[in-house]
Amino acid sequence: MSGADTVAKTGLSETEKLAVDTIRTLAIDAVQRANSGHAGAPMALAPVAYTLWNRYLRYDPAHPHWPNRDRFVLSAGHASMLLYGLLHLAEVAEKDGGNTPAISLDDIKKFRQLDSRTPGHPEYHFTTGVETTTGPLGQGVANSVGMAMGGRFLGERLNKPDLPLFDYNVYAICSDGDLMEGVASEAASIAGHLRLANLCWIYDNNTITIEGHTELAFGEEVATRFLAYGWQVLRVADANDVHAIAGALETFLQSSDRPTIIIVNSIIGYGAPTKQNTAKAHSDALGPDEVKGAKRAYGWPEDAEFLVPDGVKEVFRDGIGKRGAALYDQWQGFLTAAKAGDPEHAEALDAFFEGRLPEGWDRDIPVFEADAKGLATRESSGKVLNAIAQHVPFLLGGSADLAPSNKSNLTFAGAGSLTPFEPGGRNIHFGVREHAMGSIVNGLGLSGLRAYGATFLVFADYMRPPIRLSALMELPIFHIFTHDSIGVGEDGPTHQPVEQLLSLRCIPGLVTIRPADANEVAEAYRVIFSLRNQPAVLALSRQPLPTLDRSKYGQASGTAKGGYVLADSEGTPDVILIGTGSEVQLCVGAYEALKAEGVKARVVSMPSWDLFERQDEAYRNSVLPPEVLARVAVEQGSVIGWDRYAGSAGAIIGMHTFGASAPIKDLLTKFGFTPDKVLQAARDQVAKHKK
């Protein structure tokens with residue numbers, strides 16, 4: 001039925017129509033009371049959402065965290081009241097098996113108010129039943145691709161014959177704005193390539209955005225675009241036609257070789273007498289007269305507020321409630337049978353459900369011997385990643401077409417590539433799609449997997465929205481960013497990151513680590529895999545870095561504290577040299593020269609500001625004694641922020657401009673990243689602060 005209109009099937013009973021209008025009026029009333037929000041899309045999409053939830057969604061409201069539930073993503077997050085209304089009417093529990101509702105009527109009355117469970121856009125972790133944080137357009141649909149990939153991966157890895165522990169579908173409602181965003185195009189492209197038949201996007205084609213009609217900026221034929229991506233395309237001519245909606249959903253469920261997009265024509269603000277089908281229905285409260293007019297159009301009591309008529313919740317109990325409970329009970333039987341007589345499989349299942357790392361997951365992490373030539377930290381990262389991945393079966397990831405350079409491939413026997421026909425492969429080939437990669441990795445993380453992406457650090461800029469959202473959602477995913485400095489050399493300033501480290505450090509909750517040598521890399525991975533509620537990024541070098549002699553210098557285990565004393569003197573130091581990544585070797589070189597001159601120096605390796613700031617004041621002061629004002633900080637990145645560690649009177653050797661195209665030695669000399677420059681800065685600091 002690709003590209004064809006769907007066939008009418010079943011309509012709504014009077015009570016079901018009442019349920020649809022309850023979804024609409026709850027949205028109208030919540031937005032009107034808050035005098036803020038977006039009622040127009042919920043008013044238009046209520047029949048679509050009702051049909052999906054109450055007739056098709058495999059979801060148990062009593063067990064909202066059931067691992068094999070269908071996922072529902074409201075990518076058009078501005079329509080959040082659509083989701084909140086569904087969660088309330090379906091009586092979704094706050095906790096599995098609990099009696100407290102995820103969303104009460106009082107919560108709906110507090111829409112968009114401080115600390116309410118009904119914020120302006122859906123927030124993961126904050127409200128049970130919200131599968132991902134949405135609002136920035138395009139992110140939700142891109143997350144849904146990761147969720148669909150995750151579901152297929154888990155099915156391949158954990159299902160047994162006739163015991164489908166994982167076969168869930170992923171549904172996403174998207175808007176015109178979602179499909180204008182480039183990330184949605186990237187995600188749709190890879191979804192079509194991977195033939196994700198468990199993925200269904202429902203496109204609310206209401207042709208209205210904030211500025212007006214979409215013809216102002218959006219004139220393409222969406223159906224043709226998705227056909228080119230390899231999707232099945234279905235059309236519903238009227239969002240109120242539940243016959244066609246049901247037919248389209250059943251067609252999706254019968255498809256097994258590609259993802260589906262259902263293009264639904266709707267009227268934004270449906271029922272509002274003068275504002276329907278206008279931009280005023282998009283993001284404004286309707287106003288008292290328009291509210292009454294819309295309610296009249298629905299046959300609703302005009303003055304009733306937050307009305308849930310008798311029988312509406314019973315409709316949901318008889319639909320999604322009974323169906324979900326039966327499916328959940330059936331799945332519990334599958335789970336019991338899958339574990340029976342197979343302790344190894346039972347342990348794998350329990351470890352996944354608990355988010356627990358297998359015992360001995362880190363036993364093969366290498367210890368790197370001292371070596372003046374050393375390894376690029378991207379090289380040591382590849383070795384450590386593979387040593388861990390062999391023992392963590394739910395770790396998967398890949399690169400945006402840079403795996404040979406990022407050293408992010410899993411190369412051990414059985415790792416395999418994730419393809420349309422091998423959904424259990426652990427190497428993902430994202431193609432040149434950095435933005436979608438970040439969002440898909442988030443979707444994999446939301447599926448309970450330990451997932452990672454990889455590219456050059458400078459291209460983290462393409463990924464900032466999903467990285468930010470991973471921190472907001474507290475997802476334990478990570479990214480491997482190589483080519484972390486002007487050490488990229490001849491590739492020039494387009495590929496030489498300057499401001500990216502600072503940018504990443506600014507994201508609350510994100511752990512950014514820039515290791516100085518192979519053993520700091522190993523310790524960084526230990527930190528990353530210990531995180532349960534935080535994402536992390538690794539910034540790694542292209543060029544070889546000396547592997548420090550840990551019998552002479554401080555232990556790399558100090559990496560876990562973000563900053564530690566790497567080299568020291570007797571008594572209070574005269575000067576402290578602080579570095580990260582490739583610049584630590586410059587600090588060590590200057591330290592040895594100062595030591596020979598009789599100057600008491602200390603070297604502090606500070607791979608992670610984030611981790612260092614978590615330490616108590618006593619520890620931080622033991623590493624950076626406040627009384628020692630003579631300090632030099634060195635990093636091939638922006639100098640902004642380093643004054644917190646160098647002090648207002650300290651010296652900072654960093655980047656004030658973009659880089660240049662030249663051999664690495666010439667670049668380091670031009671921009672001052674040489675042992676002599678660091679040594680002279682240290683001498684100047686000692687002289688400046690000498691008492």
Check whether T127 reaches the backbone of V130 with its side chain - one donor and one acceptor, N or O, closer than 3.5 Å. no

CG (L165) and CH2 (W331) are apart, to the nearest 0.5 Å, by 6.5 Å

Side chain of D29, backbone of F306: donor and acceptor closer than 3.5 Å? yes

Return yes if some donor-acceptor pair links the side-chain N/O of D610 with the main-chain N/O of V511 below 3.5 Å, else return no. no

Check this for me: K109, atom NZ, are more than 12 non-hydrogen atoms of other residues, nucleotides or ligands nearer than 6.0 Å? yes

What's the separation between atom CH2 in W201 and atom CD1 in I261, rounded to the nearest 0.5 Å? 7.0 Å

Would you mind checking if D303 and K292 are paired as a salt bridge, meaning a charged N to carboxylate O distance below 4.0 Å? yes

Any donor-acceptor pair under 3.5 Å from K295 side chain to A304 backbone: yes

Please name the pair of heavy atoms, one in A93 and one in A62, separated by the smallest distance, quoted to 0.1 Å. CB-O, 4.3 Å

Listed by chain and number, what are the salt bridge (charged side-chain N to carboxylate O under 4.0 Å, His left out) partners of E314, not counting sequence neighbours? R317

Would one find more than 12 heavy atoms of other residues, nucleotides or ligands at under 6.0 Å from atom NZ of K339? yes

Over 60° means perpendicular and under 30° means parallel, so tell me whether H282 and H78 are parallel, tilted or perpendicular. tilted

Verify, without hydrogens or angle tests, whether N442 (side chain) and S439 (backbone) share a donor-acceptor contact under 3.5 angstrom. no

With a 4.0 Å cut-off, would you call K17 and D21 a salt bridge? yes

State whether a side-chain donor-acceptor pair under 3.5 Å links E474 with Y124. no

Does CD in E359 sit with more than 12 non-hydrogen atoms of other residues, nucleotides or ligands closer than 6.0 Å? no

Please tell me whether D167 and N159 have a donor and an acceptor in their side chains that are separated by less than 3.5 angstrom. no

For A191 versus L199, what's the shortest heavy-atom pair and its separation? CB-CD2, 3.9 Å

Can you check whether K275's main-chain N or O pairs, donor with acceptor, with E290's side chain at less than 3.5 Å? yes

Okay, side chain of D70, backbone of V170: is any donor-acceptor separation there less than 3.5 Å? no

Ion pair present between E123 and R117, side-chain N to carboxylate O less than 4.0 angstrom? no

Only one of I477, I507, L510 passes side chain to side chain contact (heavy atoms under 4.5 Å, CB included) with V537; say which it is. L510

Establish, for the pair R157 and F394, whether the NZ or CZ atom is under 6.0 angstrom from the six-membered ring centre and no further than 45 degrees off its axis. no

So, does S116 use its side chain to make a donor-acceptor pair with the main chain of R112 at under 3.5 Å? no

Answer yes or no: is there a donor N or O on one side and an acceptor on the other, between the side chain of Y59 and the main chain of V92, under 3.5 Å? no

